[in-house]
2 protein chains.
Amino acid sequence: MGEAVPDTEQKIKEAAKRVFLEYGFEGAKIRQIAEAADVNIALVNYYFRSKEQLFNSIYRETFAEFVGKMVVLLNEKTPLEVKIWKIVDRYTDFILDNQMMPAFILTQQRKEGAAFFRELDVRSIIQGSYFWKQLQEASAKGEIRAIDPLQIVISVMGSIIFPIMAGGVLSYIGTFDEQSFRDFIEARKKIIPEMIMTYLKSG
Amino acid sequence: MGEAVPDTEQKIKEAAKRVFLEYGFEGAKIRQIAEAADVNIALVNYYFRSKEQLFNSIYRETFAEFVGKMVVLLNEKTPLEVKIWKIVDRYTDFILDNQMMPAFILTQQRKEGAAFFRELDVRSIIQGSYFWKQLQEASAKGEIRAIDPLQIVISVMGSIIFPIMAGGVLSYIGTFDEQSFRDFIEARKKIIPEMIMTYLKSG
DNA sequence: TACAGTTTTAAACAACTGTTTAACAAAATT
DNA sequence: AATTTTGTTAAACAGTTGTTTAAAACTGTA
């Protein structure tokens, strides 16, 4: 909102984000980033001291935004069933808008472990969330089956993220064009909550 | 079973597989591969003409093995419910034994699309499988709810692959050590089939 | 043993990488 | 207006990369 005209630093950041997301850390070249930002290569090191620091600042920022959205979703004060529908709906849209993020985060994970997750205290965010409490309480009251809430969280996340992450492969298998891929993902907004809820309510 | 003593070419292939899986194509260096194989760097180019061809031969091989296992699983002639339990059980073990493969395949996908999937005709493998037929027929008979079989396949795959792929992050969130991570995944062998089956049977 | 083919080696090559330099331009400060 | 600070540039630097070379060691064969 009312953002200033993008200065050089911002131009580099945006270009770098695109290039890093598409090619990964090693695959992305500083000259490529500079060209994408329409800027002299020396300027990249002028504003960010090194490729590594440029990468880190971008990765943190993007990931923090990612986590931020998650916090909001997990803590909305709506009943459990409605909540799950909402989470799936909005989380799906978010991942659709940032399709390369999950693969990028998971690739990065194999290099540096869960460092950024730890920094942002993602554990507390999840386990301290209202959603987490809802699952525990509903389970204690016997409204839903007794289960580790983390199993549910992972199931929901995996169900949403995996098909989007594997978009290219999935589109080939289903003979999808862009639109039918979207339809397939859109259909999951109904399937996933139903699957989770029938499971939680049964047993 | 009675494999011959590994010759130089094989030694390089095995080292390269490890290094490529861990560091990706750009991240893996020929000198690193040669060192891991305890071999002169020139030999890598002597047996495989280039880094790219070395990578391709390994990737194809590994991926073909991956697909091969899948074919067997999908075509076993057991009843649908038992089949789903078996698929989840054995597919989980297979991914556990090749933890880096999914991330690797999905990373590769962003570079070359679904080329290898197309080569191996994975679409026909899935849609021509006995499992696919079982889902369609059970659905037609009204034994299970009407649903696109691909939605089920993707849900099962995502549920299995995602937590293993995100192993590092998951272990941090759950405060897992190696053993409790295994337990968590092991527990999913029961959860996933139950979730899928209750969903298919309801509605 | 001599010879032809294959395998292995150390060294070099050229291209590319991230990074730095030193000069120049623009903007801000005095 | 003079001067300092900030932003930008082309060029170079040193290290790494994938790849090639040319000679050596090894293998089997005549």
Side-chain angles (χ1 to χ4, degrees), chain A residues 3-63 100 104 107-108 110-112 115-116, chain B residues 3-63 100 104 107-108 110-112 115-116:
Chain A
E3 192 118 333
V5 177
D7 56 341
T8 306
E9 187 171 347
Q10 199 55 33
K11 258 169 56 186
I12 295 174
K13 231 174 183 168
E14 282 163 16
K17 183 176 173 179
R18 274 181 278 126
V19 177
F20 274 133
L21 276 175
E22 184 165 357
Y23 296 94
F25 180 75
E26 334 262 356
K29 312 299 177 189
I30 294 231
R31 280 165 180 81
Q32 186 186 7
I33 292 170
E35 194 188 8
D38 193 28
V39 132
N40 189 286
I41 50 166
L43 279 182
V44 180
N45 278 45
Y46 175 76
Y47 284 104
F48 311 85
R49 296 160 48 88
S50 69
K51 183 187 182 182
E52 186 135 356
Q53 287 191 43
L54 169 62
F55 176 82
N56 276 344
S57 78
I58 286 168
Y59 185 51
R60 276 163 202 265
E61 199 172 88
T62 311
F63 183 65
M100 281 167 305
F104 186 68
T107 303
Q108 212 49 30
R110 82 181 158 195
K111 272 195 229 154
E112 24 185 4
F116 283 144
Chain B
E3 192 116 334
V5 177
D7 57 340
T8 305
E9 187 172 348
Q10 199 56 33
K11 257 169 57 186
I12 295 173
K13 232 173 183 169
E14 282 163 16
K17 182 176 173 180
R18 275 182 277 127
V19 177
F20 275 132
L21 277 175
E22 183 165 357
Y23 297 94
F25 181 75
E26 333 263 356
K29 312 299 176 188
I30 293 232
R31 280 167 180 79
Q32 186 186 8
I33 292 170
E35 194 188 8
D38 193 29
V39 133
N40 189 286
I41 50 165
L43 279 182
V44 180
N45 279 44
Y46 175 76
Y47 284 105
F48 311 85
R49 298 159 49 86
S50 68
K51 183 187 183 183
E52 186 136 356
Q53 287 191 41
L54 169 61
F55 176 82
N56 277 344
S57 77
I58 285 168
Y59 185 51
R60 277 161 201 266
E61 200 172 86
T62 311
F63 183 64
M100 281 167 306
F104 185 69
T107 302
Q108 212 51 29
R110 81 180 160 198
K111 272 195 228 154
E112 24 184 2
F116 284 144

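Order of the sequence lines fixes the chain letters, A, B, ..., with proteins taken first and strands second; residue numbering starts at 1 for each chain.
Annotation: of the two residues near DNA chain D, B:K51 and A:V39, the 5′-most nearest-nucleotide partner is A:V39. Nearest-nucleotide mapping onto DNA chain C: of A:K29 and B:E9, the residue sitting toward the 5' end is B:E9.
Rounded to an integer number of Å, the gap from CD of A:E35 to C1' of C:dC16 is 15 Å. To the nearest angstrom, P of D:dG18 lies 11 Å from CD of A:E26. Counting to the nearest Å, the P atom of C:dG18 and the CD1 atom of A:I41 are 9 Å from each other. For the pair B:R49 CZ and D:dT19 C1', the interatomic distance rounds to 12 Å; values are reported in whole Å. Rounding to whole angstrom units, CG of residue B:N45 and C1' of C:dA11 are separated by 15 Å. A:L43 has its CG atom 14 Å from the P atom of C:dT20, to the nearest Å. Residue A:F25 contributes atom CZ, which lies 13 Å from atom P of C:dT17 at whole-angstrom precision.
Interatomic distance, A:N45 CG to A:I30 CD1, rounded to the nearest 0.5 Å: 5.0 Å.
Using a 4.0 Å heavy-atom cutoff across all strands shown, B:A34 reaches no nucleic acid atom at all. A:F48 comes within contact range of no nucleotide atom at all, as no heavy-atom separation falls under 4.0 Å.
No salt bridge links B:E61 with B:K17; every basic N to acidic carboxylate O contact stays at or beyond 4.0 Å.
Here the side chain of A:Y46 is nearest to one of D:dA10, D:dT8, C:dT8, namely D:dT8. Here the side chain of A:Y47 is nearest to one of D:dT8, C:dA10, C:dT19, namely D:dT8. The side chain of B:R31 lies closest to D:dT19, out of D:dT19, D:dT9, C:dT8. Considering only the side chain of A:I30, C:dT19 comes nearest among D:dT20, D:dG7, C:dT19.
In this structure, B:T8 does not reach the C:dT7 phosphate: none of its side-chain N or O atoms is under 4.0 Å from OP1 or OP2. The side chain of A:N40 contributes no N or O atom lying less than 4.0 Å from OP1 or OP2 of D:dT8.
Between A:Y59 and A:F104, the ring centre distance stays below 6.0 Å.
Ring geometry, A:F20 versus A:F25: the interplanar angle falls under 30°, so the pair is classed parallel (tilted spans 30 to 60°).
Within 6.0 Å of OH in B:Y23 there are 12 or fewer heavy atoms belonging to other residues, nucleotides or ligands.
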